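I have placed the structure first, in the form of structure tokens, so that the comments after it can refer back to it.
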Amino acid sequence: MPLFRKKRVREYLNEVTFLKEYEEILKQRSLSISEKPSVELIKEKTVQKESLFDKLTRTLSKTKNNVVGKLNSVLSKNNALNEDTLDEIEEALYTSDIGVKTTELIIQKLRVRIKDMKSDEDLDIKNLIKDEIVNMINIPDKIDTNNIEKPYIILVVGVNGNGKTTTIGKLAHYYKSEGKKVLIGAADTFRAAAIEQLQTWAERTGSDFVKHQMGSDPAAVAFDSYKAGEARDMDIVLIDTAGRLHNKVNLMNELEKITRVLKKLNENAPHEVLLVLDATTGQNALSQAKQFSRSSGVTGIVLTKLDGTAKGGVTIAINQEMDIPVKFIGLGEQKEDLEIFDPKVFVETIFE
Ligand code: GDP
Ligand code: GDP
Ligand code: MG
């Protein structure tokens, strides 16, 4: 892709991110959009904060190299576009974790496009593929935190090690920075260390914290977290859960019991059930999504550890093959390393 184009996409994305943030700041300070930003404000935002596009470019580099690297090598050694080339493109896409369904759709579209191609036409295959993915991608609803029932209960579920506790810390930080009052409930009561790890996140983010002793009933913790959230006028209550896979039936029963107890307190609760998946496991993340979605009323997916893996293409597979939207992505271990999933920016980044 010519350099000028790349630069313009980057500038555009920076601008979009900046404008979104700018609107947020105006909202927080109760200013109207017609008031011009001060020079200081613009400097503050542009100097201090890495844009979403730059952050994704930095953290998704392995995925980017994997997806586009393979495509590039196919495209560079084939001058003519024919069935053989299409086979190679299919192979490249298939092995970059974007999923069977997405790959098949792209190849179908490419085949049609190539048939219609004029003899003197130059096709930018990489761009065509990117556009196809952007066209088929599902855009998730954002959680509109200015318009929620209080306390808004977010239950966080998933297999151990996927990043539930860390994600709760990041979510707490995210909502706190939006000016929300946040309470965290430690319903993973299986290990003392799990409770301590979560407590550290509560302290780090200045969130309220509800815990019981190790080994106590997780549903009882959820109950108390709800009650405390209500009594203390909390906006958001984040509930951590255990996720030991070797007793899957117990785990599912435990999650159902938590949900049942919350529903008795408020039929709308839990308002969200976020399933945390580890992107480094590739296609396994997709099959976990399918397993969990059957039983526990999952409303959204958080895909973690995209920073350390070449298998981030699975984000696109999950977006395509699940009815449940990917709502957040994890890009590191720090509290700032969580982003609302923006599929378009995600795909643009990978193909840039
Ligand atoms: P849980 O068992 O599901 O609660 O998982 P934890 O929150 O304890 O996370 C397991 C490990 O994954 C920890 O070492 C975390 O620091 C790490 N982790 C979680 N999210 C991310 C992420 O987005 N990126 C990276 N690189 N590591 C992460
Ligand atoms: P193991 O011997 O370490 O495999 O543990 P078990 O599966 O026999 O469980 C021991 C006890 O802990 C039982 O009473 C289970 O109901 C309970 N338990 C097992 N897994 C979990 C979990 O993930 N969370 C909570 N809170 N309790 C669990
Ligand atoms: Mg945990």
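Since we're looking at a predicted model, the values are computed, not measured. Start at 1 and go down the list; that is how both ligands and their atoms are numbered.
A side-chain donor-acceptor contact under 3.5 Å links Thr299 to the backbone of Val273. Not a single donor-acceptor pair under 3.5 Å links the side chain of Ser96 to the backbone N or O of Ile98. Between the side chain of Lys170 and the main chain of Gly332, a donor-acceptor pair closer than 3.5 Å is present. In this structure a side-chain-to-backbone donor-acceptor pair under 3.5 Å is present from Thr304 to Leu277.
Under the 4.5 Å side-chain heavy-atom criterion for ILVMFWY residues, a single connected hydrophobic cluster contains both Leu105 and Ile125. Hydrophobic clustering (ILVMFWY, side-chain heavy atoms < 4.5 Å, transitive): Tyr94 and Val347 are in distinct clusters.
For atom 5 (O) of ligand 1, the nearest protein heavy atom (residue, atom name, distance) is Gly163 N, 3.0 Å. When only non-hydrogen protein atoms are considered, atom 24 (N) of ligand 1 lies nearest to Asp307 OD1, 2.8 Å.
The ligand atoms of ligand 1 that sit less than 4.0 angstrom from a heavy atom of Gln197 are 6 (P), 7 (O), 8 (O). With ligand atoms numbered from 1 in the order given, ligand 1 contributes 23 (O) to contacts under 4.0 Å with heavy atoms of Gly330. Ligand-side atoms of ligand 1 in range of Lys170: 20 (N), 22 (C), 23 (O), range being under 4.0 angstrom from any heavy atom.
The shortest heavy-atom distance from Asp337 to ligand 1 is not under 4.0 Å. In this structure, Gly332 has a heavy atom closer than 4.0 Å to ligand 1. Ligand 1 lies within reach of Gly161, whose nearest heavy atom is under 4.0 Å from it. Residue Val276 places every heavy atom at 4.0 Å or more from ligand 1.
The Mg ion (ligand 3) has no N, O or S atom of Gln197 inside 2.8 Å of it.
Of the candidates Thr166, Thr309, Thr280, it is Thr166 that places a heavy atom closest to atom 19 (C) of ligand 1. Of the candidates Lys305, Lys164, Glu333, it is Lys305 that places a heavy atom closest to atom 12 (O) of ligand 1.
Both the backbone and the side chain of Thr165 come within contact range of ligand 1, each with a heavy atom under 4.0 Å. Within the 4.0 Å heavy-atom criterion, the part of Leu331 lying near ligand 1 is the backbone and not the side chain. Of all the heavy atoms of Arg191, none lies under 4.0 Å from any atom of ligand 1, so neither backbone nor side chain is involved.
Each of Asn162, Thr166, Asp278, Thr280 was checked for a side chain to side chain donor-acceptor pair (under 3.5 Å) with Lys305, and the lone residue meeting it is Asp278. When each of Ile154, Val156, Val298 is checked for a side-chain contact (heavy atoms from CB on, under 4.5 Å) with Glu272, only Ile154 meets the rule.
Taking the six-membered ring where the residue is Trp, His271 and Tyr152 present parallel rings, their angle staying beneath 30° rather than reaching 60°.
Within the model, atoms CG of Asp97 and CD1 of Ile318 stand 10.0 Å from one another, a figure rounded to the nearest 0.5 Å.
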